[in-house]
Amino acid sequence: MVDMEEGFNFMEKEHKIDMISELPDTLLQQILCFLPIKQVVQSGMLSRRWKHVWHTIPVLEFDRTCFEPKLWCRDRKKTCQIQRKRVELYHCVEQNLLSHCREGLKINKFTLFMKLSTRKSVSRLDRWIDYAIKGDIEELNLEFYRSLCKRYLLPQRVLLAKSITVLTVHGCRLESRYFDINLSSLKKLSLSEVHTNDQIIHNLVAGCPLIEDMRLESCYGMKNIHFSALSKLMAINLRYNVLEKVELEASNLYDAYIQENKACEINLIHCKNLKKLELHTECMTDEWFHYHISQLAHIEKLIIHCKMLGKIKISSQSLKALFLLKCDKLVEVKIDTPKLCLLSYCGHSKISLSLNASVYFSEACYQMVRPVDHWDVQKIELLSKLSNSKLLYLTSFYIAKDVVVPKELRDTLPSPSYNVKQLKVAISQPWNGHEIDRLVDSLLWISPLPEIVVITYWINVKPWKDTTSFKFSYKKPILDEENPSCCKFLPNPCWGHCLKTVTVENIKVRADEETLKAEKETLEKYFYENAKFLESFRFLCGGVG
């Protein structure tokens, strides 16, 4: 009886295992599309049915994890194994593409990463691309690394493939003989490290009437880009192309990113609906900036990185986020933007900053330029201009000592960030447990009534940072003297007269027990000595290692 039961159980298990093989081909193909290509290839060894299924899946991704760049090593036997596996994989790719071609099956996506070292490898690649195009390929991603003297010449039939909607190419060349280009379905184009010229790119874009997203990165041979009548274009990304001129006429362009280190003339005034603009260039003058930004009536996010700007004025009814990054010569900024809710500034403190008085930011960020200057009156005044915000983020401090504001300044100046409810600080190097009270004391002077204070520092393992956060609750202030010195510049009493509870939480990858103990003892002593009516102090450790 036991044997019969075991037999029935075995048959039942076998039936369950076989059930997946009885699913329709289309469903099995969808399942395989979610697996890494190596596992998909291995599935073909299960049975003829599975071999047929993997040969007909519509998504083929042979990325850099498939073709090992190392073809040999000191171990001769291992070298032979590597080369044999490479040949087997070549054969698998060939057979798969050939099956699609013979059976008239559609290919939704084909991704290929290859190193082209011989004429044979080039011939093989030409053949594979031909198969993919015959399979009405929709998304084609080609990445080449060469050891030949010339870059791979992209076949013209790729640029005549009416089925392609997404085309990504890295490390090849386009030649001037491409006159007839017809990518009538293409919506997304990405070219990187491609050798080309102005005329080819002009012809290419002209042959893509439905283009919505375009990226050109580190492409050599171009000088001037002038794209016009691109009614569908919504996003463009131009970086490291050594361009001399960029002129865009795209009525529906929503997002533009331009990063050209060389002096590059840029004209965007015809992009009337542009909402997000990021510029990294050395060619901007104050006059150019004022004129172009004033023409962008719908701009909502503006990111500027330019060493030439000196005095800028921004007046916009739509701007919501502004980033001024490493504008080394900037001395004056006037901002009249009633909808601005995020302001980020990276630069020196010797700058005149004028803001619309009615603006209240959800977040403001001040990124110090290294080496971080010592605290002075100008830096504190700049902080006060950024402090009409709910969250203030101070970053690029190297050590905890850089955050500490000298006592002589605290005794003579008002706290700059009285209205800030959340204060966040980023430090590169960790602090020791016994110096954290000086760090916290300085932060509570900068923002004397915060709800949350967060201190982070970078580490070399995931999640790449350790965090110590403070949560404060308050009660009605009680003053035991009429004008306490700690509050003499404040409209209301500081935390020392109304702090009710403190909760400290440590999230650290490598939580050192001695350091945490020192931090706890130091902070507990500090808060009970300085918060006269403190009811509760909690120190939590949430280490993940």
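A quick note: this is a predicted structure, and the numbers were derived from the prediction, not measured.
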Item to check | Modelled atom types, side-chain donor and acceptor of Asn141 and Glu139, under 3.5 Å | outcome: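 There is such a pair between these side chains.
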
Checklist entry - In terms of the angle between their ring planes, are Phe527 and Phe472 parallel, tilted or perpendicular, with boundaries placed at 30° and 60°? => result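 Rings of Phe527 and Phe472: tilted, as their planes differ by 30° to 60°.
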
Checklist entry - Looking at residues at least two apart in the chain, or sitting in another chain, which of them share a ring pair (Phe, Tyr, Trp, His ring centres under 6.0 Å) with Tyr254? => result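 Here no residue qualifies.
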
For [Y], is there any backbone N or O sitting under 3.5 Å from a side-chain donor or acceptor partner on [X]?
{"X": "Lys385", "Y": "Leu353", "result": "yes"}
{"X": "Glu193", "Y": "Ser218", "result": "no"}
{"X": "Asn241", "Y": "Leu216", "result": "yes"}
{"X": "Ser415", "Y": "Tyr418", "result": "no"}
{"X": "Trp288", "Y": "Ile266", "result": "yes"}

Item to check | Salt-bridge contact Glu217-Arg215 (side-chain N to carboxylate O under 4.0 Å) | outcome: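 The answer is yes: the pair qualifies as a salt bridge.
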
Checklist entry - Passes side-chain hydrogen bond (donor to acceptor under 3.5 Å, both in side chains), Ser318 versus His298? Steps please. => result CA-CA 6 Å; Ser318 58; His298 302 287; 6.0 Å; no

Checklist entry - Which residues pass the side chain to side chain donor-acceptor pair (under 3.5 Å) test with Asp466, sequence neighbours left out? => result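 In terms of side chain to side chain donor-acceptor pair (under 3.5 Å), with neighbours along the sequence ignored, Asp466 is linked to Tyr457.
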
Checklist entry - Should Asp376 and Ser349 be marked as a side-chain contact (heavy atoms from CB on, under 4.5 Å) after you check the CA-CA gap, both sets of side-chain angles, and the distance that decides it? => result CA-CA 9 Å; Asp376 56 21; Ser349 58; 4.2 Å; yes

Checklist entry - Taking only residues two or more places apart in sequence, or in another chain, which ones meet Lys471 in a salt bridge (Lys or Arg N to Asp or Glu O under 4.0 Å)? => result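 Residues passing salt bridge (Lys or Arg N to Asp or Glu O under 4.0 Å) with Lys471: none at all.
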
Checklist entry - Does the pair Asn388 and Asn419 meet the rule for a side-chain contact (heavy atoms from CB on, under 4.5 Å), with working shown? => result CA-CA 6 Å; Asn388 196 22; Asn419 293 322; 4.2 Å; yes

Checklist entry - Which distance, rounded to the nearest 0.5 Å, do you find between the CD of Glu529 and the OH of Tyr526? => result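 With rounding to 0.5 Å, CD (Glu529) is 10.0 Å from OH (Tyr526).
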
Checklist entry - Mind checking whether Tyr257 and His280 have ring centres under 6.0 Å apart? => result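 Ring centres of His280 and Tyr257 closer than 6.0 Å.
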
